[in-house]
Trainee: 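Provided herewith is a single structure, encoded as structure tokens, for subsequent inquiry.
All chains are named by letter (A, B, ...) in the order of the sequence lines, taking the proteins before the strands, and each is independently numbered beginning at 1.
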Amino acid sequence: MEKLLLLGDEAIAQAAIDAGMSGIYAYPGTPSTEIMEYVQASAEAKNRNIRSIWSANEKTAMETALGMSYAGKRAMVCMKHVGLNVAADAFINAAITGANGGLLVVAADDPSMHSSQNEQDSRFYGKFAMIPVLEPGDQQEAYDMVHYGFQLSEDMQIPVMMRITTRLAHSRTGVARKEQKPQNELRLPSNLRQFILLPSIARKQYRELLTKQERFEAASGNSGFNKLTDHTDKKLGIIACGLAYNYLMENFPDRNVPHPVLKIGQYPVDPALIDSLYTSCDELLILEDGYPILEELIRGMLNNGKRVRGRLDGSLPRDGELNPVIVGAALGLDHARGNDVPALVKNRPPRLCDGCGHNDAFLALNEALLEYGRGRVFSDIGCYTLSALEPLESINSCVDMGASITMAIGAADAGLVPAVAAIGDSTFTHSGITGLLDAINNNAPITVLILDNSTTGMTGGQTSSAFGKVEDICRGLGLSEEHILVIKPLKKHHEENIEIIRKELAYNGVSVIIPRRECIQTLGRKLRQKAKMKELEITQ
Amino acid sequence: MKKDIILAGVGGQGILSIAACIGTAALDEGLYLKQAEVHGMSQRGGAVQSHLRIASTAVASDLIPEGSADLIISVEPMESLRYLPMLSRTGWIITSINPFVNIPDYPDMELILKEIWKQHHYVTLDADAVAKECGSMKAANMVILGAAAPLLGMKPSAIENAVEKIFASKGKDVVELNLKAFHAGRSHTMKQM
């Protein structure tokens, strides 16, 4: 079959379509967004009636996918690594309920934090939940592992995690497809109590999960994704997880590593496999593109066995993503270096687009806050986080989805009055609504700016669950009408907007101000499309 | 055959259409290919780069090892210098001399050019002017692609076919404009070599 040129994300999406998935649920987040986008744009997915709607957040996505699994069909849920924190309650408990139809959880990690606030390693979550984890080494393996993962999930009646990283998600290469499978029929779980986690049932289910662990290890030994390649020089044995294997191979142009190499793509790892390498080699080097999870396990807290090298002993940097040069250095290999970056090259950080409504909203906020001084604006995750940088320097926090409103409540409770929260429309429906309810119930003296650009902007303009609903949500939570104010963030309304914000800052209770203007990117796209349609009409 | 290429520019300048043309040509020629892109936050007007690797045997790493890139293809002069540590001592810089100024401390253009001209192998060209002569500034990307073409180790016809393929959906006029820009860029480099 002809190979398709696909991003890692797209390979996962195509594989899920081909493997008989009936629904995909996700909230946008770099580097996972393109999985859902690919399915939404796929004509095949449409013909096969595959559900592919953005969820309000990762937790609702995870739960919806679990519901589809309950009904016997194959479901996928995708998120960035920090999204798994949001979905964690559902995720961990789904390991206790187990699955019925195949359930694949894709978590996309971002080592080096290219577009994230931390570089947590989702393999820890997999270990925490005690479920199988797949870690593809390249895009083809990602494609193949989706097929395998759905089957494993159904065979073992357990959700399966696939952990990828930015480099795999956003790198393109030729991928060969497998034959398409039909979707599952609707089929209830054989035990209708399987998903009821009452303590008496949960204890039974949990013990079952514990007994499954040996089967998970055996599966990772048999799948072919964990592969030991023996070699003569046993002074060193190398364990390379996921993408790290490619960085290792890059250092040997003939792909012939003189040491035994264990490539890891599936967890939990069969201890016998590790043991055979450990016993036969003088020391081990462990390459993981993320946290040193295997390294810590093999080295042990006392570190009194053979020498185990990796991120913990300084052979590799403790943080950040790996690359061929870092891996080569750990092997004592030299590399050529290009010239240094000339001193005149200046940083070019990301910024709000020209003509972005957030810009006008923050200019007005900055001015309205002048009389109170700096340091009282709690913000959130989205394009508007860029207002932290010059020239605006408007905000003082960005922690997790929804934290703006709740941190403002806490700061106001401590006496920082007025405290301001700045949150986007999509982030508001993701995790801000419950915080606003807290604020209203406490009559907290905070002013909340819900920056409404009518889309999920930072990730490229996906549908926002908040669209057309923001005022109604505020009303429904019990906020009085006179403190729900919509403003138009435009230069020509600047003075008037400052006045409105100033007035609400002085009010001793909760106000919501909604600066509303469509994202300049999605607007531009729409206008270009319109112009194209018009052109077509004329030529026809 | 192996070509490791760093594509450089500013988010929104469309370096990915250059990558798409080279990538399509490489696939049609039966070559192996890996292309790492930057999505997400830096796309908002920040410095962006893409690692494009083409070879006659399977490519291992998605990232090019430092000091071993064969080419830096840049649509912005200052951005072409940002990735110098990636470039091999025998590598080439192909860059437009049209600055994209969206920072307050953008350096003096003359100093930037002096730095580029200090390197071993380079092609600098006013891609905007060349594209304008061909019919539209929008084709500046294809001028740069053309200027890099003699160094890509592929037949020019393969890249031409790829340009046609990539722009086919936008109509005959757009294809012709981009091909014209491609040829103009290519002959610029041929004259220098």
Trainee: So which part of B:A58 gets closer than 4.5 Å to some heavy atom of chain A, the side chain, the backbone, both or neither?
Mentor: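 Interface part for B:A58: backbone (N, CA, C, O).
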Trainee: Under 4.5 Å from any heavy atom of chain A, what part of B:E115 do you find: side chain, backbone, both or neither?
Mentor: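 The side chain, not the backbone.
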Trainee: Can you name the residues that form a salt bridge (Lys or Arg N to Asp or Glu O under 4.0 Å) with B:K165, not counting sequence neighbours?
Mentor: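 Checked B:K165 against salt bridge (Lys or Arg N to Asp or Glu O under 4.0 Å); matches are B:D28.
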Trainee: Sort B:N102 into side chain, backbone, both or neither according to what part of it lies under 4.5 angstrom from a heavy atom of chain A.
Mentor: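 Both parts, heavy atoms under 4.5 Å.
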Trainee: Check whether A:L6 gets within reach of chain B through its side chain, its backbone, both or neither, counting any heavy atom under 4.5 Å.
Mentor: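 For A:L6, there is no contact with chain B at all, as no heavy atom is under 4.5 Å.
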Trainee: Relative to chain B, which segment of A:V345 carries a heavy atom at a distance below 4.5 Å: side chain, backbone, both, or neither?
Mentor: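 Contact with chain B: backbone and side chain both.
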Trainee: Between A:L248 and chain B, which part of the residue has a heavy atom less than 4.5 Å away: side chain, backbone, both or neither?
Mentor: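 Neither part.
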Trainee: Output the distance between atom CZ (B:R82) and atom CZ (A:R348), rounded to the nearest 0.5 Å.
Mentor: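 So the CZ of B:R82 and the CZ of A:R348 are separated by 6.5 Å.
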Trainee: Is it the backbone or the side chain of A:L7 that comes under 4.5 Å from a heavy atom of chain B, or both, or neither?
Mentor: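 When you check distances to chain B, only side chain atoms of A:L7 fall under 4.5 Å.
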Trainee: Relative to chain A, which of B:T57, B:I103, B:D62, B:I64 shows the most heavy atom pairs under 4.5 Å?
Mentor: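 The option with the most such pairs is B:D62.
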Trainee: Check whether more than 12 heavy atoms from other residues, nucleotides or ligands sit under 6.0 Å from atom NZ of B:K2, and answer yes or no.
Mentor: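 Yes - once you tally the heavy atoms of other residues, nucleotides and ligands closer than 6.0 Å, there are more than 12.
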Trainee: Which bit of A:T173 is near chain B, if near means a heavy-atom gap under 4.5 Å: side chain, backbone, both or neither?
Mentor: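 Backbone plus side chain of A:T173, per the 4.5 Å heavy-atom cut-off to chain B.
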Trainee: From B:E37 CD over to A:R167 CZ, what is the distance, rounded to the nearest 0.5 angstrom?
Mentor: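 Going from CD on B:E37 over to CZ on A:R167, the span is 11.0 Å.
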Trainee: Could you check if a side-chain atom of A:N339 sits within less than 4.5 angstrom of a side-chain atom of B:R89, using non-hydrogen atoms only?
Mentor: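 Yes, their side chains come closer than 4.5 Å.
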Trainee: Chain B: which of A:N323, A:T459, A:D340 shares the most heavy-atom pairs with it under 4.5 Å?
Mentor: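 Of the candidates given, the most pairs with chain B belong to A:D340.
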Trainee: Which one of B:L111, B:L33, B:T24 has the most heavy-atom pairs closer than 4.5 Å to chain A?
Mentor: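 Greatest number of close heavy-atom pairs with chain A: B:L33.
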Trainee: Check whether any side-chain heavy atom of B:L63 lies under 4.5 Å from a side-chain heavy atom of A:E250, and answer yes or no.
Mentor: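 No, side chains not in contact.
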Trainee: Need one label for A:N347: side chain, backbone, both or neither, based on atoms under 4.5 Å from any heavy atom in chain B.
Mentor: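 For A:N347, heavy atoms of backbone and side chain both lie under 4.5 Å from chain B.
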Trainee: Heavy-atom cut-off 4.5 Å, strictly under: side chain, backbone, both or neither for A:L386 against chain B?
Mentor: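 Answer is side chain: those atoms of A:L386 sit under 4.5 Å from chain B.
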Trainee: Relative to chain A, which segment of B:L52 carries a heavy atom at a distance below 4.5 Å: side chain, backbone, both, or neither?
Mentor: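 Neither part.
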Trainee: Under 4.5 Å heavy-atom distance to chain A, tell me which part of B:L87 shows up: side chain, backbone, both or neither.
Mentor: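 Backbone only.
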Trainee: Measure distances from A:C356 to the heavy atoms of chain B and classify the residue's part below 4.5 Å as side chain, backbone, both or neither.
Mentor: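 Neither; nothing under 4.5 Å.
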Trainee: Roughly how far apart are B:L16 CG and A:R172 CZ, rounded to 0.5 Å?
Mentor: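 Rounded to the nearest 0.5 Å, the CG-CZ separation comes to 7.5 Å.
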Trainee: Quick check on A:E34 against chain B: is it the side chain, the backbone, both or neither that has a heavy atom closer than 4.5 Å?
Mentor: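 For A:E34, the contact with chain B is made by the side chain alone.
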Trainee: Are A:M249 and B:S61 packed together at the side-chain level, in the sense that at least one heavy-atom pair is separated by less than 4.5 angstrom?
Mentor: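 SC-SC contact between A:M249 and B:S61 ruled out.
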Trainee: With respect to chain A, which residue among B:E79, B:K118, B:H51 yields the maximal number of heavy-atom pairs within a distance under 4.5 Å?
Mentor: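 With the most close heavy-atom pairs to chain A, the winner is B:E79.
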Trainee: B:L81 versus chain A, heavy atoms under 4.5 Å apart: side chain, backbone, both or neither?
Mentor: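 Contact with chain A is through both the backbone and side chain of B:L81.
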Trainee: Taking atom CE as the centre, does A:M113 end up with more than 12 heavy-atom neighbours from other residues, nucleotides or ligands that are less than 6.0 angstrom away?
Mentor: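 Above 12, so yes.
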Trainee: Tell me which of these, B:P85, B:G67, B:A36, has more heavy-atom pairs under 4.5 Å with chain A than the rest.
Mentor: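 Ranked by heavy-atom pairs under 4.5 Å with chain A, first place is B:P85.
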Trainee: Please name the pair of heavy atoms, one in A:N246 and one in B:A60, separated by the smallest distance, quoted to 0.1 Å.
Mentor: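 Between these two residues, the closest heavy atoms are CB-O, 3.3 Å.
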Trainee: Does atom CG of A:D334 have more than 12 heavy-atom neighbours from other groups under 6.0 Å away?
Mentor: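 No, because the 6.0 Å sphere around CG of A:D334 holds 12 heavy atoms or fewer from other groups.
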Trainee: Would one find more than 12 heavy atoms of other residues, nucleotides or ligands at under 6.0 Å from atom OH of B:Y32?
Mentor: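 Check fails, neighbour count at 12 or below.
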Trainee: Does atom CD (B:E133) have a neighbourhood of more than 12 heavy atoms from anything else shown, all under 6.0 Å?
Mentor: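 No, because the 6.0 Å sphere around CD of B:E133 holds 12 heavy atoms or fewer from other groups.
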Trainee: For B:K155, is the NZ atom crowded, meaning more than 12 foreign heavy atoms sit under 6.0 Å from it?
Mentor: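 At most 12 heavy atoms, drawn from other residues, nucleotides or ligands, come within 6.0 Å of this atom.
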